[in-house]
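Per chain, numbering begins at 1; letters A, B, ... match sequence-line order.
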2 protein chains.
Amino acid sequence: MAKELTARRRAILAYLIEHIQELGYPPTIAELGAHFGIASTNGVNDHLVALEKRGYIERSSKARGIRITEKAAVNLYRNHASTVPLVGRVAAGAPILADQNITDHIPVSADIAKRNAYALRVRGDSMIEAGIFDGDLLIVDQERTPRKRDIVVALVEEEEATVKYYFPGSDSVELRPANSSLTPMRYRLDQVQIQGVAISLQRQIK
Amino acid sequence: MAKELTARRRAILAYLIEHIQELGYPPTIAELGAHFGIASTNGVNDHLVALEKRGYIERSSKARGIRITEKAAVNLYRNHASTVPLVGRVAAGAPILADQNITDHIPVSADIAKRNAYALRVRGDSMIEAGIFDGDLLIVDQERTPRKRDIVVALVEEEEATVKYYFPGSDSVELRPANSSLTPMRYRLDQVQIQGVAISLQRQIK
DNA sequence: TTTTATACTGAAAACTATTTCAGTAAGCTG
DNA sequence: CAGCTTACTGAAATAGTTTTCAGTATAAAA
């Protein structure tokens with residue numbers, strides 16, 4: 001998936017959203033054409049078909065029957081979004097935020113949303129003494145550089161991700177659980193990939 | 001201004017909003033008619049004219065050219081809010097959600113927002129073994145009836161609120177902390193006021 | 001180099017939606 | 001009780017929209 005949308009189609013999607021926000025209803029095909037200087041409704045329709053095929057809009061064959069999907073809203077308005085994507089599994093290889101990895105969107109405060117963050121469901125009890133329980137949602141900042149004692153999401157030797165305290169050494173990294181029945185582990189720098197620093201937590205109680 | 005809108009018109013406005021929320025675009029006059037069993041488009045149009053005259057909608061004479069105004073949107077946002085109020089202190093006397101008590105608004109998922117919930121900053125370590133730490137935000141459902149072992153916000157004898165496990169007895173209530181260095185307390189029913197059941201938790205890490 | 005995707009033109013058919021015209025009937029208001 | 005509002009019916013004119021058909025041109029991928 002090199003480039004999901006052409007510049008033209010991104011522009012059309014953006015105008016679609018703007019129009020809905022401003023007027024309260026979507027534009028017609030002809031109105032889109034007028035705005036973009038496309039004389040034939042068919043020219044516009046091609047773009048709409050393309051946008052629909054890629055899941056950015058949904059159409060019903062009625063007047064102004066265009067709906068913006070969540071995918072589009074999140075993609076275009078990442079900087080203004082008030083949600084972060086919930087990733088299903090953090091594993092080696094594919095980029096974390098690949099579309100097929102994203103299972104939901106989690107509402108967060110604006111300052112979190114504008115960082116490059118994602119959410120992750122915690123599995124296991126390794127951080128229980130830090131108040132992080134099995135099933136909790138961890139909000140993770142991808143861009144922040146981890147510092148000593150930060151809670152990080154780490155990929156160890158291409159395995160699936162774990163959440164641990166981060167203790168850097170001169171030539172190695174110690175990943176320390178917050179659970180006295182588990183032991184800290186030490187790794188060479190090339191064995192560990194830090195996928196982000198935990199900045200927030202959400203829990204559904206019961 | 002006794003009654004701005006008739007029941008019929010309120011229903012039509014509500015459906016208008018619902019339709020836009022669901023489908024992404026307003027219904028046509030004929031669709032409104034079909035939904036409300038009005039055979040003639042003119043019958044529906046009368047209502048739309050009335051709604052427009054009173055400032056609830058704006059119309060452009062194009063297909064689905066209906067916009068919900070802010071006046072009506074107050075309605076819309078009540079049902080689809082995505083925040084709950086953060087209350088400064090929960091104390092006896094004034095209602096929890098009195099305006100002067102509200103210090104902020106916290107983003108939550110839609111299903112939480114539509115319950116009658118509020119957020120509260122936890123003070124102290126009394127629930128630390130339940131993974132609830134000093135400074136965490138607790139999202140509290142006001143309407144849910146507490147059951148045994150629920151985490152509740154309780155007002156004891158007109159003091160300020162505490163967060164505890166709820167264990168009802170036949171003629172008394174036990175409020176049990178999740179901290180083995182603290183002791184459970186037992187109160188008469190008239191000494192305790194339950195202000196809600198914890199349904200979610202949010203934490204800013206560091 | 002053939003195929004595929006992008007990005008359109010132009011026109012007409014088919015359909016959808018609003019507006020207008022002409023009424024009816026019940027209930028409330030002064 | 002006349003006048004106004006609410007709440008409609010029914011039909012036709014008019015306007016707005018989508019869909020279909022038949023192409024063109026360019027660039028990128030197989």
What is the distance, to the nearest angstrom, from the [atom1] atom on [X] to the [atom2] atom on [N]?
X        : N       : atom1 : atom2 : answer
Lys62(A) : dT17(D) : NZ    : C1'   : 13 Å
Tyr25(B) : dT18(D) : OH    : P     : 11 Å
Ile29(A) : dT17(D) : CD1   : P     : 10 Å
Leu32(A) : dT19(D) : CG    : P     : 13 Å
Ile38(B) : dT9(D)  : CD1   : P     : 7 Å
Ile12(A) : dC8(C)  : CD1   : P     : 7 Å
Arg8(B)  : dT6(D)  : CZ    : C1'   : 11 Å
Ile66(A) : dT17(D) : CD1   : C1'   : 11 Å

Short side-chain N/O contact from [X] to OP1 or OP2 of [N], under 4.0 Å:
X        : N       : result
Arg64(A) : dT16(C) : no
Ser61(B) : dT19(C) : yes
Arg59(A) : dT17(D) : no

Between the side chain of Gln142(B) and the main-chain N/O of Tyr118(B), is any donor-acceptor distance below 3.5 Å?
->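 Looks like no, no N/O pair under 3.5 Å.
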Leu120(A): which of Val153(A), Asp136(A), Ile139(A) passes side chain to side chain contact (heavy atoms under 4.5 Å, CB included) |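 Of the listed residues Val153(A), Asp136(A), Ile139(A), the side chain to side chain contact (heavy atoms under 4.5 Å, CB included) partner of Leu120(A) is Val153(A).
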Any idea which heavy atoms bring Ser200(A) and Arg203(B) closest together, and the distance?
->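 Looking at all heavy atoms of both residues, the closest pair is OG-O, 2.8 Å.
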Of the non-hydrogen atoms in Pro184(A) and Glu174(A), which two are nearest, and what is the gap between them?
->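 Looking at all heavy atoms of both residues, the shortest contact is CB-OE2, 3.2 Å.
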Considering the terminal five base pairs at each end of the helix from dT1(C)-dA30(D) to dG30(C)-dC1(D), what angle separates the two local helix axes, rounded to 10°?
->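 Angle reported: 40°, given to the nearest ten degrees.
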Think Arg176(A) forms a cation-pi with Phe167(A), using NZ or CZ under 6.0 Å from the six-ring centre and within 45 degrees of its axis?
->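 Ring-cation test returns yes.
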Check every strand shown and say whether Ser40(B) touches a base, only sugar-phosphate, or nothing at a heavy-atom separation below 4.0 Å.
->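 Base contact - Ser40(B) has a heavy atom under 4.0 Å of at least one base atom.
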Would you classify Thr41(A) as touching base, sugar-phosphate or nothing, given that sugar-phosphate means primed atoms plus P, OP1 and OP2, and contacts are heavy atoms under 4.0 Å?
->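 Base, at least one base atom sits under 4.0 Å.
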Going by modelled atom types, is there a donor-acceptor pair between the base of dT6(D) and the side chain of Asp46(B) at under 3.5 Å?
->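 In this structure, the two groups form no donor-acceptor pair.
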May I ask you to verify whether the side chain of Asn45(A) and the base of dT18(D) hold a donor-acceptor pair under 3.5 Å?
->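 Not at all, since no donor on one side and acceptor on the other fall under 3.5 Å apart.
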Nearest to the side chain of Asn42(A) - dT20(C), dA22(D), dT17(D)?
->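 Nearest nucleotide to the side chain: dA22(D).
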Supply the atom-to-atom distance Ile29(B) CD1 to Leu48(B) CG, rounded to the nearest 0.5 angstrom.
->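 Those atoms lie 5.5 Å apart.
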Contact check, side chains of Ile128(A) and Asp134(A), non-hydrogen atoms, under 4.5 Å |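 A side-chain contact is absent here, since even the closest heavy-atom pair is not under 4.5 Å.
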